[in-house]
Structures are given as C-alpha cells and as structure tokens.
J.: 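My structure is below; once you've seen it, I'll send some questions.
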Amino acid sequence: MKKLFLFALTLALVAPMSFSKAKGEPKELKVMSYNIRLGVANDGTNSWQFRAPATPAMLEAQKPDVFGVQEAHDFQIAFMEEFCRNYKSVGVGRENGKKEGEHMSIFWNKKTVSLLKWGTFWLSETPEDPSMGWDAACKRTATWALMKDKKTGRKFYFVNTHLDHVGKQAQKNGLKLIVDRIATINPQGYPMVLTGDFNIRPDNPALADLDKIMQSARKIAPKTDNRNTFNGWSVKKTAEVIDYIYVSGFSACKEYRTVTEKYLERPFVSDHYPIFARLVF
C-alpha cells in the first residue's frame, strides 16, 4: 500500500511538470485530404469491399487531427466512423442534401479537436439548394466547419470540396464561390484550411484568386514532395497533381507529404493518394 501511495504521489508531481513542458512546444495541427474513391465503382480487385480495411490502417498510421474526404458514399462514411478510432464526421450527400450521392465530409479526432458549427453549400448559381452549376457534369459541394483545437483553444475553419472533372467554367466559378464564401464565413480571420480534389493542375489559372488569399501547403512547406496525387490504380500510369491542401493564418506549415505507403498489403488505398500537412498555430 505504501508503494502504491508513493507511485501515485510521484505521478501527481510529475504530471504538472510534463504539462508545463508541453506548453512550450509548437502547437501543431495535422490535416489531410483524401479522395477515397466512390464505393459503388466496379474497380475489380480495387473495389471498396476489398480495400476498405486499409483506410483505418492508413488513418491510424497518419493520425490526422482533421481530414476531408471526397467521393465518399454514406456506407463508406459509416464504415470509417465505426472502424476509425475516435473520429466523427459532418457532411451531406450532394444529390439531395441528405444521404444520397457522394459526400464531401469532414472528419475530426474527437480527442484533439471539437466541432463548433458547420454547413454545406453547392457549387452553383443557387448554392443553398442541391443543384448543378454552370457547365458541370455533376452536382458539386463544399463542406465547411468551425473547429477548436482542444490543446490550445485556438479556433480555425476547415473547408473541403471536390471540383467538377469536366466543366471548365464550373471549376473556375466553383473555386471563386469558395473564395467568396471563405471571406463571408471568416470575418474574424481565423486560421483556415481548404482541402480537396480540384481536378485541375497547379498551373491552372483558375487557382489565381485562391492564391491571393491562401497558400498551397505543397509549395510553402520546407519538407515537401512533388509526387502526383492521382495514381489511377497504377504507379506506371500517367498521373497528375489534382489534390490540394491550402492554408492561411498559421505561423508555419512544417511538412507536406503525399501518402504513398501500402497498408494491409494493399498497393493503393484509393485511386488518389492521401495528402498530409503539419501546420503550426
């Protein structure tokens, strides 16, 4: 009994010291963008039913505080919430604003981040209603969330989207709408993260307005890479950079990384590689 008391007393004395040391460390936020590939696609041995377990394994290894997914159907969202420890999500299906169709959901680690409020808008001329915009081939949405880092108490916005893969005007105007919405929802100037599959390359002029207010994590991180983000299920296939993490209001982006590792012996977790960034408040 005396040993147990001494052990408990030691913990009580050491814990405050450990906490004090942690306060002096950089306050990092780990974020990720992940086009998960729609689960209804017939991709043969790469179909969702075969590769699904690799996603929780990847997330357990990368441990993002917040991440945005593209193309996820409701059953993929449910799978991740069940098997990805500590993660919760918000988002709606793009077809009807409920469960139907692809979700551009935002996931967060409940141990490190709390959700304050969130919403979804459509990339169209009528953004409050489920609708298709301009010359788009599909309905497209953006999901936003105001969040708080539990360690620092700092608030930040996270926005996640998927631009159209066909319509050039839809890509340009959809991104402009996001830029305008960012200014509207964030008058306080909180730090902000924008993730997504933009379906455009880094030299596309449609990025010009976004580049004026935010920075590409790939470009500003001292530790970064230039790997393609779309793999098309093959390392040999001609691929391209179409997935992005943009940031503003953070003191630094310490690292950007394309996640190309294999998980559970699966060659790919998706036809896109997840992309990862470490940010500092």
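What's counted below: heavy atoms across the whole structure, side chains too, no hydrogens, waters or symmetry copies. Please read these numbers as outputs of a predicted model, since none were measured by experiment. Numbering starts at 1 and runs along the sequence shown.
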J.: S270 versus R51: any side-chain heavy-atom pair under 4.5 Å?
T.: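 Yes, close enough: below the 4.5 Å cut-off.
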J.: What's the spacing between T229 OG1 and E240 CD if we round to 0.5 Å?
T.: 8.0 Å
J.: Give a yes-or-no answer on whether the side chains of D211 and Y246 include a donor-acceptor pair shorter than 3.5 Å.
T.: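 Short answer, yes.
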J.: Does a side-chain heavy-atom distance below 4.5 Å link K30 with D65?
T.: yes
J.: Going by side chain to side chain contact (heavy atoms under 4.5 Å, CB included), Y244 matches just one of D197, L207, T195, L194. Which one?
T.: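 For Y244, the side chain to side chain contact (heavy atoms under 4.5 Å, CB included) check succeeds only for L207.
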J.: Please determine, by modelled atom types, if S105 and S89 share a side-chain donor-acceptor pair under 3.5 angstrom.
T.: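 Looking only at side-chain atoms, S89 and S105 do not form any donor-acceptor pair under 3.5 Å.
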J.: Between K27 and R154, is there a side-chain heavy-atom distance shorter than 4.5 Å?
T.: no
J.: Would you indicate whether the side-chain heavy atoms of Q62 and Y263 approach each other to under 4.5 Å?
T.: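 Y263 reaches Q62 side chain to side chain.
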J.: Go through the steps to decide whether I36 and W48 satisfy the test side-chain contact (heavy atoms from CB on, under 4.5 Å), and finish with yes or no.
T.: CA-CA 9 Å; I36 198 168; W48 174 250; 3.7 Å; yes
J.: Would you say R218 and V241 make side-chain contact, with heavy atoms under 4.5 Å?
T.: yes
J.: Atom CZ of residue position R227 - does it have more than 12 heavy atoms of other residues, nucleotides or ligands inside 6.0 Å?
T.: no
J.: So does E128 pair up with R181, basic N to acidic O under 4.0 Å?
T.: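 Judged by the 4.0 Å cut-off on N to carboxylate O distance, E128 and R181 do form a salt bridge.
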J.: Does any non-hydrogen side-chain atom of I242 lie less than 4.5 Å from one of H272?
T.: yes
J.: Assert yes or no for the condition that the ring centre distance of W108 to F158 is strictly below 6.0 Å.
T.: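 No, too far apart.
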J.: Do F83 and P53 come within less than 4.5 Å of each other through their side chains, counting heavy atoms only?
T.: no
J.: Mind running side chain to side chain donor-acceptor pair (under 3.5 Å) on T152 and D149 for me, showing each step along the way?
T.: CA-CA 6 Å; T152 65; D149 178 75; 2.8 Å; yes
J.: Could you point out which residue of V280, L279, I220 forms a side chain to side chain contact (heavy atoms under 4.5 Å, CB included) with F250?
T.: L279
J.: Are there more than 12 heavy atoms of other residues, nucleotides or ligands under 6.0 Å from atom NZ of K99?
T.: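 Check fails, neighbour count at 12 or below.
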J.: Could you tell me how the ring of Y157 sits relative to the ring of W144: parallel (under 30°), tilted (30 to 60°) or perpendicular (over 60°)?
T.: tilted
J.: Could you tell me whether D43 and R37 make a salt bridge, using a distance below 4.0 angstrom between a side-chain N and a carboxylate O?
T.: yes
J.: Between D164 and R140, does at least one N-O distance fall below 4.0 Å, as a salt bridge requires?
T.: yes
